[in-house]
Amino acid sequence: QVQLQQSGTELVKPASSVKISCKASGYTFTSNYMHWIRQQPGNGLEWIGWIYPGNGNTKYNQKFDGKATLTADKSSSTAYMQLSSLTSEDSAVYFCARSVSYYFDYWGQGVMVTVSS
Amino acid sequence: DVVMTQTPVSLPVSLGGQASISCRSSQSLVHSNGNTYLHWYLQKPGQSPQLLIYRVSNRFSGVPDRFSGSGSGTDFTLKISRVEPEDLGDYYCLQSTHFPLTFGSGTKLEIK
């Protein structure tokens with residue numbers, strides 16, 4: 001069965017960076033796009049971007065250009081998102097989600113990132 | 001960006017009753033390939049969103065037939081019949097026809 005296991009809660013300082021992971025299992029990692037989605041406290045969902053692990057191609061929501069960097073390691077079937085120059089605005093839950101035919105069919109459990117000094 | 005306007009914001013329903021959620025887009029969601037990429041998700045408290053309906057009207061595996069989706073162009077609806085306690089949570093529509101992908105602002109389904 002398809003599973004996306006994300007890394008644990010992060011407490012980070014302003015102006016720093018954080019890298020969160022999403023380990024995929026139960027399917028061929030290189031055959032599906034992996035997307036990242038942000039949910040700020042009490043708010044809705046925002047799409048950050050996708051990576052295609054098969055060739056490393058990426059596409060970002062312009063809003064997150066320079067903020068998020070997506071990578072993937074085929075050997076471990078793990079997708080990563082690095083967030084840089086963190087501010088309190090980046091405090092949120094971050095989800096990874098697999099897509100098939102333009103929709104997200106499986107989601108990770110989410111990673112809470114808190115930016116605080 | 002395509003703006004997805006979801007109504008109502010809050011929807012009190014009685015158990016066993018029917019609920020209807022509207023999602024309107026600021027431009028047509030018909031892709032150049034002829035498909036319409038409008039999908040519906042339910043986020044239960046403390047959980048990640050789960051797929052209910054994909055491409056307007058197709059129920060995802062394991063989703064009860066109490067859930068149905070309809071619509072075209074810019075106007076879409078999710079209907080839930082015979083509401084059960086497990087249906088409570090936040091419902092979101094998602095368009096993936098245009099970049100960037102955008103979600104509706106959500107509808108909270110709660111018990112009346």
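Both backbone and side-chain heavy atoms feed into the values below; hydrogens, waters and symmetry mates do not. Residue numbering restarts at 1 for every chain, and letters A, B, ... go by the order of the sequence lines.
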> Where is the tightest heavy-atom contact between L51(B) and D105(A), given as atom of each residue plus distance?
Replying inline: CD2-CA, 4.0 Å

> Do F64(A) and P100(B) come within less than 4.5 Å of each other through their side chains, counting heavy atoms only?
Replying inline: no

> Are Y37(B) and F60(B) connected in a single hydrophobic cluster, I mean Ile/Leu/Val/Met/Phe/Trp/Tyr linked by side-chain heavy atoms less than 4.5 Å apart?
Replying inline: no

> Judged by atom type as modelled, is there a donor-acceptor pair below 3.5 Å linking the side chain of S96(B) to the main-chain atoms of Y102(A)?
Replying inline: yes

> At a heavy-atom separation under 4.5 Å, does Y106(A) approach chain B through its side chain, its backbone, both, or neither?
Replying inline: side chain

>> I'd like to know if V13(B) and L15(B) are part of one continuous hydrophobic network [Ile/Leu/Val/Met/Phe/Trp/Tyr, side-chain heavy atoms within less than 4.5 Å].
In response: yes

>> Report which part of K63(A) has an atom under 4.5 Å of a heavy atom belonging to chain B: side chain, backbone, both, or neither.
In response: neither

> By a 4.5 Å heavy-atom criterion (distance strictly below it), what part of S101(A) contacts chain B: side chain, backbone, both, or neither?
Replying inline: both

>> Does the plane of the ring in F104(A) sit parallel, tilted or perpendicular to the ring in F103(B)? Use 30° and 60° as the thresholds.
In response: tilted

> Yes or no on side-chain contact (heavy atoms from CB on, under 4.5 Å) for Q43(B) and W107(A), after CA distance, side-chain angles and deciding distance?
Replying inline: CA-CA 11 Å; Q43(B) 185 175 30; W107(A) 295 59; over 6 Å; no

> Roughly how far, to the nearest 0.5 Å, is the CG atom of D90(B) from the CG atom of L45(A)?
Replying inline: 9.0 Å

> Are any of the side-chain heavy atoms of Q39(A) and P49(B) separated by less than 4.5 Å?
Replying inline: no

> Nearest heavy-atom pair of Q109(A) and S48(B): which atoms, and what distance?
Replying inline: CA-OG, 4.3 Å

>> Using 30° and 60° as the class boundaries, would you call the ring planes of Y103(A) and Y54(B) parallel, tilted or perpendicular?
In response: parallel

>> I need the contact set between residues 70-93 of chain A and chain B: heavy-atom distance under 4.5 Å, sorted by residue number.
In response: none

> For atom CZ of R24(B), is the number of surrounding heavy atoms from other residues, nucleotides or ligands below 6.0 Å larger than 12?
Replying inline: no

> Which region of I37(A), side chain (C-beta onward) or backbone (N, CA, C, O), has a non-hydrogen atom less than 4.5 Å from a non-hydrogen atom of chain B, or is it both or neither?
Replying inline: side chain

> In terms of heavy-atom proximity below 4.5 Å to chain A, should L94(B) be classed as side chain, backbone, both, or neither?
Replying inline: side chain

> Going hydrophobic residue to hydrophobic residue with side-chain gaps under 4.5 angstrom, can you get from L11(B) over to Y41(B)?
Replying inline: yes

>> Do V3(B) and L101(B) sit in one hydrophobic cluster, given that two such residues count as connected whenever their side-chain heavy atoms are within less than 4.5 Å of each other, even indirectly?
In response: no

> Is F99(B) reachable from I48(A) through a run of I, L, V, M, F, W or Y residues, each pair having side-chain heavy atoms under 4.5 Å apart?
Replying inline: yes

